[in-house]
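Beneath this line is the structure, given in C-alpha cells, with notes to follow.
Atom set for the values below is all heavy atoms of this structure, side chains included, hydrogens, waters and symmetry mates excluded.
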Amino acid sequence: MTSLPRYLTEFPSFHSVFPFYISINSLDTGFPAHRHDFFELSLVIEGEGKEMINHTVHDMMPGTFTFVMPYQIHKIETTSDQPLRLINCNFGMNLFTNTNSHFGINHLLFEAEDQLPAFFQFEHEDYERMKGLLKDMIEEYQDSKRWRNELITAKLVEVLVRFDRARYKQYPQQLEHQPRKRSDEVLMWDIIQYIHKNYRKKLSLSIISKRFHISGSVISELFKYQIGQNFVDFLHDIRIRHACSLLVSTDMNISEIAFESGFGSYKTFSRVFRDQKKVSPVQFRKLYGQTSLNSTIYNNF
C-alpha cells in the first residue's frame, strides 16, 4: 500500500448540526500534504505561494480561489518572505446532500466535469465581490443572529456558483459533451458519494459491489489505497458523525439515534461509538449537548 499523507478528519463544528467552519489563516511556510473527507475552499488575500492538488500545481496570489474536493491530496508552499494569508472555509458533505432543496449545488459538488480546474484567479471587482462574500460569512459565523445558518448557506451557494461560472468560461462548450473518464479515482468518488447519500440504509461490501458491478475485493483495495482505511471503518465514521450531530442537536433517545444513523443494533452502535470517541453516547451528549441550537453548539468542536 502506498504511504498516504496526513489525513485530517475533523474541523471545528464538524459534528454539529451545521457542519461549517470559516476563518482567516496566515501561513509562514505553507501547509504539508494532507487530505480530508470534507470540502475546502480558500481565497488568497495576501502573499504568494504554490498549491498542489493531486499533482497539479498552480500559483497562488491575491485573488486565487481554490476548491478542494474530499480526499484530494493537496499542499501549500509560500514563495515569498511575506506570509500567505487566506480565507479558508470547510464544510461537510452532508451540508447539502441531506436535502433536495439544493439539487443544482449537489450537481456542482459531486458531478462537475473532471476536466474543469480546481482554481481560478479572480481580479478587480470580481475579486472584491468574492472577498466581500467570504468576509460576510465570517461575520455571520462569529455571531448568533436569527437565520444565521440559512444566510451563511445562501452566501456559500453564491460563492460556489460564481466560482463555477468563472472557471467554466475558460473552457470550450464541447466539454459538456465529453464522456466522464472511468479511472479508479472517479470510480472511488462515485462510491463515496453513494455511501454518503445512503449510509442510513443497510449497506455492505456486497451491496456496493452489485451497485457498481465490480468485485468486493477490488473495492476493498480501492479503499485501502485511496482512502487509507477499510470499507467498514469508513462507513462507521460517517454514521458516527451523523449520530454526534443528533446527540448535540436533538432530544432523541440513544436507541433512536443508533437506528437513525444506520446501525442495526444499539449494542453495535454503542461499541463503535465508544471505540471512536472514547466516551459513551450518553457521556458525549452530557459534554456537548445543548437544549437549544445556539452558538455554543457550533463552537464546542
| query | Listed by chain and number, what are the side chain to side chain donor-acceptor pair (under 3.5 Å) partners of Q283, not counting sequence neighbours? | reply | S280
| query | Which of these passes side chain to side chain contact (heavy atoms under 4.5 Å, CB included) with R285: L246, I254, V279? | reply | I254
| said: Please report the interatomic distance CD(E158) to OG1(T153), rounded to the nearest 0.5 Å. | reply: 13.0 Å
| field | Sub-6.0 Å ring centroid separation between F20 and Y141 | value | yes
| request: Look up atom CG in L203 and atom CG in N198, then write down how far apart they are to the nearest 0.5 Å. | output: 6.0 Å
| Can you tell me how far the OG atom of S23 sits from the CD1 atom of I87, to the nearest 0.5 Å? | 9.5 Å
| request: Check which hydrophobic residues are tied to M61 through side-chain heavy-atom contacts below 4.5 Å, counting indirect links as well, and list them. | output: none
| Worked verdict on M137 versus V159 for side chain to side chain contact (heavy atoms under 4.5 Å, CB included) | CA-CA 10 Å; M137 289 163 65; V159 165; 4.2 Å; yes
| Do E51 and T66 get their side chains close enough for a donor-acceptor pair, meaning under 3.5 Å? | yes
| said: To the nearest 0.5 Å, what is the distance between CD1 on I240 and OG on S245? | reply: 12.5 Å
| message | Tell me if a side-chain donor or acceptor on T250 pairs with a main-chain N or O of M252 at a distance below 3.5 Å. | response | yes
| request: Can you measure from CZ (F273) to OH (Y266) and round to the nearest 0.5 angstrom? | output: 10.0 Å
| request: Identify the residue among F18, Y21, F39 that makes a ring-ring contact (aromatic ring centres under 6.0 Å, His included) with F91. | output: F39
| field | Candidate pair K135 and E139, rule salt bridge (Lys or Arg N to Asp or Glu O under 4.0 Å), full reasoning | value | CA-CA 6 Å; K135 287 191 173 181; E139 183 178 345; over 6 Å; no
| N54 side-chain N/O to I73 backbone N/O, donor-acceptor pair under 3.5 Å | yes
| said: Ignoring hydrogens and geometry beyond distance, is a side-chain donor-acceptor pair present between E48 and S80 at under 3.5 Å? | reply: no
| said: Give me each pair satisfying salt bridge (charged side-chain N to carboxylate O under 4.0 Å, His left out) with a member in residues 243-266, each pair once, sequence neighbours excluded. | reply: R200-E260
| message | Between Q121 and H58, does the side-chain hydrogen bond (donor to acceptor under 3.5 Å, both in side chains) criterion hold? Intermediate values first, please. | response | CA-CA 10 Å; Q121 184 63 40; H58 66 266; over 6 Å; no
| request: Under the side chain to side chain contact (heavy atoms under 4.5 Å, CB included) rule, what do L86 and M60 come out as? Steps first, then yes or no, please. | output: CA-CA 10 Å; L86 310 94; M60 304 183 78; 3.5 Å; yes
| Approximate separation, where rounding is to 0.5 Å, of K277 NZ and C244 SG | 4.5 Å
| said: Donor-acceptor check, side chain of S261 to backbone of I257, threshold 3.5 angstrom: yes or no? | reply: yes
| said: Between S206 and S209, is the side-chain hydrogen bond (donor to acceptor under 3.5 Å, both in side chains) condition met? List the steps. | reply: CA-CA 5 Å; S206 62; S209 176; over 6 Å; no
| request: Verify the ring-centre separation between Y288 and F284: is it less than 6.0 angstrom? | output: yes
| message | I'd like to know if the side chain of Q72 pairs up with that of H36 as donor and acceptor (distance under 3.5 Å, no hydrogens or angles considered). | response | no
| said: Are F231 and F223, when compared by the centres of their aromatic rings, separated by less than 6.0 Å? | reply: yes
| Contacts of K50 that satisfy side chain to side chain donor-acceptor pair (under 3.5 Å) - sequence neighbours left out | D59
| Any chance the rings of H34 and F31 have centres within less than 6.0 Å? | yes
| request: Could I get the full list of side chain to side chain donor-acceptor pair (under 3.5 Å) partners for S215, not counting sequence neighbours? | output: S217
| With F65, the ring-ring contact (aromatic ring centres under 6.0 Å, His included) member among F119, F163, F120 | F163
| message | Check this for me: does any side-chain nitrogen of one of R148 and E150 sit under 4.0 Å from a carboxylate oxygen of the other? | response | no
| Is a side-chain N or O of T78 found less than 3.5 angstrom from the main chain of D28, in a donor-acceptor match? | yes
| query | After noting the C-alpha distance and the side-chain angles of K75 and E77, does the key distance pass the side chain to side chain contact (heavy atoms under 4.5 Å, CB included) rule? | reply | CA-CA 7 Å; K75 69 176 182 179; E77 296 178 355; 3.8 Å; yes
| said: Please evaluate residues D190 and R211 with respect to the criterion salt bridge (Lys or Arg N to Asp or Glu O under 4.0 Å), reporting the C-alpha separation (whole Å), side-chain torsions for both, the decisive distance (0.1 Å), and the verdict. | reply: CA-CA 11 Å; D190 288 340; R211 171 65 176 77; over 6 Å; no
Side-chain donor-acceptor pairs of residues 126-134 under 3.5 Å, sequence neighbours excluded:
residue	atom	partner	partner atom	Å
D126	OD1	R129	NH1	3.1

